[in-house]
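Everything on this sheet refers to the single structure shown next.
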Amino acid sequence: MGLVSRGAAEAGRGAASAVDRPGPPDAVPNPTPTPPAEGADPGSSRSPGMVLKAFFPTCCASADSGLLVGRWVPEQSSAVVLAVVHFPFIPIQVKELLAQVQQASQVGVTVLGTWCHRRQEPEESLGHFLEGLGAIFSHRPWFQLCRERGSKSWSCKATHWQGPASPAASGEDQVMLIFYDQRKVLLSQLHPPTALPDRQAGDTTASAGGLAAVFDTVARSEALFQSDRFDEGPVRLSHWQSEGMEASILVELAKWAAGPVCLFLACLLSLISAASACRVFKLWPLSFIWSKLSTCEQLRHRLEQLTLIFSTRKAESPAQLMRKANMLVSVLLDVALGLMLLSWLHRKDLIGQLADALIPVADRVAEELQHLLQWLMGAPAGLKMNRALDQVLGRFFLYHIHLWISYIHLMSPFIERILWHVGLSACLGLTVALSILSDIIALLTFHIYCFYVYGARLYCLKIHGLSSLWRLFRGKKWNVLRQRVDSCSYDLDQLRLLVVAVQGLIHLLVDLINSLPLYSLGLRLCRPYRLAAGVKFRVLEHETGRPLRLLMQINPLPYSRVVHTYRLPTCGCHPKHSWGSLCRKLFFGELIYPWRQRGNKQD
Amino acid sequence: MEDEQSFSDICGGRLALQRRFYSPSCLEFCLSCPRITLRSLTAVTCTVWLAAYGLFTLCENTMILSAAIFITLLGLLGYLHFVKIDHETLLIIDSLGIQMTSSYASGKESTTFIEMGQVNDVVINEAIYMQKVIYYLCILLKDPVEPHGISQVVPLFQSAKPRLDCLIEVYRSCQDILAHQKATSTSP
């Protein structure tokens with residue numbers, strides 16, 4: 001069969017013939033109903049009433065007549081149409097193109113049938129022509145889709161004819177048309193429900209699930225969509241990109257620039273990590289402090305993330321790509337917020353004011369603490385306490401406070417400069433600034449933390465003692481020994497609780513900022529079809545006698561599942577404090593460690 | 001073709017069941033829940049505003065009244081958008097799957113689609129709820145590990161809660177389509 005002119009291909013005629021001639025089913029002037037699907041031919045080996053599904057891209061609904069090219073999935077009896085090849089064409093070239101695409105994408109792309117988009121004038125020779133095409137591209141079942149131009153009536157037929165030798169043995173099946181948006185299905189990533197823990201998330205075979213097969217087919221056939229109608233190739237295709245390849249200048253520039261920039265930054269980061277690794281583990285006290293300060297933890301975490309982002313290895317799976325993108329957006333947002341904070345601090349000259357206010361506040365706090373201790377060492381609220389123990393603990397704490405006040409006064413000339421440099425560290429990110437703030441609070445209130453430790457340990461001992469005594473003496477009449485060790489464990493608590501709670505809050509905030517997948521949430525907000533939880537169907541206008549038409553749309557993933565699936569790991573361990581455990585630890589006297597804990601807590 | 005019937009739910013409210021028959025292999029059921037009544041809306045608004053006025057007479061702070069208005073408005077919007085379901089639709093497509101859509105009073109729609117390959121059966125279950133025995137229609141999902149086992153039960157029409165007569169109608173039509181689908185899928 002040689003070149004066929006376009007005119008001859010325009011929609012044709014023929015009365016709806018009987019089974020041996022697969023002509024176009026409907027005539028334009030008199031719309032006759034399509035032959036019913038029930039009542040298949042006697043010679044057919046398929047069961048009657050079998051419904052085949054044809055997934056048709058919405059972009060090809062207005063394309064000119066031609067051949068349907070796509071993939072046939074026999075397990076689901078469905079045909080996924082990927083493109084339409086227009087007349088004129090040379091069959092050999094079409095076969096070559098399909099073989100190329102098949103090799104490049106590992107998807108079994110074949111010619112599935114014919115597509116007919118008719119005008120009002122009927123043409124005579126279409127019947128013979130289509131029969132000839134069916135003979136060249138042998139595919140069973142052979143689809144014939146037909147649409148009248150300007151109207152919404154579609155018709156489709158799928159035949160299984162065994163060839164011209166035995167014309168009586170062909171049969172027809174009912175076809176259900178499902179329209180899908182090719183671009184959205186190509187870009188979307190299906191998230192199967194999490195009820196199957198033993199299945200891998202990324203199946204490479206295309207036979208997983210019914211709809212997953214459709215998504216997979218479209219996503220892997222990118223090689224077919226590479227040519228548009230401005231190309232001078234031998235075959236003219238219609239698909240979602242045929243009006244022009246979709247590309248963005250910024251994206252192309254970014255891709256071109258990404259290579260050298262990534263290389264440079266990767267070298268820089270490797271130098272930094274090498275420098276930090278060689279000095280830290282030399283001295284014991286330094287390494288201990290390094291591991292306890294949350295600033296160092298945060299900086300190390302950020303360094304790891306940046307190394308991962310700028311590594312020159314390409315991401316293997318979509319999940320890794322999402323993780324990289326999430327980290328990059330998170331780092332950028334962090335730095336932006338940090339710069340905003342810095343500009344705000346400098347504009348209002350808050351650092352100077354803070355430095356000036358620090359010393360009087362510290363003095364005031366120390367004075368209040370001393371008053372409180374004096375009160376407790378006497379007879380607080382008329383309670384008679386263990387005088388000797390009170391005096392010992394009270395003097396011990398007074399000495400602590402005295403040391404601390406001297407230390408603050410010693411540091412006072414340098415405070416402003418230190419604070420200025422600390423404020424500068426906000427350039428590295430808001431989380432770094434918050435970590436430094438947390439560390440400063442920890443250092444400044446270390447003495448209060450010491451009081452808390454002593455008090456909490458004693459309180460814990462008391463609680464354990466009481467509970468063991470209760471177990472021992474239950475049921476007998478006895479004067480329970482009153483252990484009046486309650487020195488100052490719950491009266492200094494207001495300030496202490498506030499400090500510890502503030503530290504816990506800062507840590508929770510930093511962990512939240514670190515682990516929230518911002519890119520995924522932004523994608524879910526702006527391009528909801530990229531993250532798909534499933535699909536939804538809508539039945540389009542239906543006339544009796546016409547095939548059933550459905551529109552397949554993408555059902556986006558709910559936000560909770562987005563956060564759950566793409567949450568970033570934070571320092572390898574989740575925060576030890578949630579709100580419930582924080583309150584519980586405070587009540588029962590278990591120690592709260594305001595720095596990061598590695599390993600188990602010994603009590 | 002379309003037809004509409006009137007049923008009642010387990011609390012006695014009126015439900016309307018609309019059945020659309022697109023083709024022998026595609027069927028849609030739409031169950032409309034009882035609407036929000038003016039009486040209940042007025043009752044809730046009056047309660048909130050009386051309580052706010054009571055607080056206002058105690059505290060003499062006009063912010064309470066504005067807060068009460070805001071709370072009422074936001075609460076009503078939130079209720080319409082997140083809680084009150086207007087109608088529930090069940091769409092069965094032979095050889096594709098079963099789709100359940102809940103439409104909220106504000107127009108929001110939430111859809112779930114279950115592929116036919118995962119559906120084991122559609123049954124009516126009995127449940128004891130407080131002092132009542134209620135019936136509900138549910139989809140049994142196949143277990144991927146064991147061919148005849150059941151991995152999950154998905155209840156349908158949870159907001160409308162129709163009674164047994166309505167459920168039997170829906171059940172019969174679903175069984176017709178499922179039987180047809182099983183017959184055509186087992187043959188080559």
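Please read these numbers as outputs of a predicted model, since none were measured by experiment. The figures that follow rest on heavy atoms only: side chains count, while hydrogens, waters and symmetry mates do not. We name chains A, B, ... by the order of the sequence lines, and we start the count at 1 in each one.
Proximity to chain A (any heavy atom under 4.5 Å) is restricted, for Ile93(B), to the side chain, taken from C-beta onward. At a 4.5 Å heavy-atom cutoff, the contact between Lys536(A) and chain B is made by backbone and side-chain atoms alike.
Within a 6.0 Å radius of CD1 in Ile128(B), no more than 12 heavy atoms belonging to other residues, nucleotides or ligands are found. No more than 12 heavy-atom neighbours from other residues, nucleotides or ligands sit within 6.0 angstrom of OH on Tyr53(B). Environment of CZ in Arg567(A): sparse, with no more than 12 heavy atoms of neighbouring residues, nucleotides or ligands closer than 6.0 Å.
Atoms CZ and NE2, from Arg20(B) and His542(A) in turn, are 13.0 Å apart once rounded to the nearest 0.5 Å. Taken from OH in Tyr22(B) to CD in Glu541(A), the straight-line distance is 11.0 Å, to the nearest 0.5 Å. Rounding to the nearest 0.5 angstrom, the gap separating the CZ atom in Arg538(A) from the CD atom in Gln99(B) is 11.0 Å.
The minimum heavy-atom distance between Met176(A) and Ser95(B), with the atom names listed, is CE-OG, 3.9 Å. Minimum interatomic distance between Thr111(B) and Asn555(A) (heavy atoms only, all atoms of both residues): O-ND2, 2.7 Å.
Exactly one residue among Val51(A), Val535(A), Leu550(A) makes a side chain to side chain contact (heavy atoms under 4.5 Å, CB included) with Leu96(B). That residue is Leu550(A).
The ring-ring contact (aromatic ring centres under 6.0 Å, His included) test applied to Phe179(A) returns Trp154(A), not counting sequence neighbours. With sequence neighbours left out, the side-chain contact (heavy atoms from CB on, under 4.5 Å) criterion links Glu126(B) to Val133(B), Tyr135(B).
Between Phe113(B) and Phe537(A), the two ring planes are tilted [angle within 30° to 60°].
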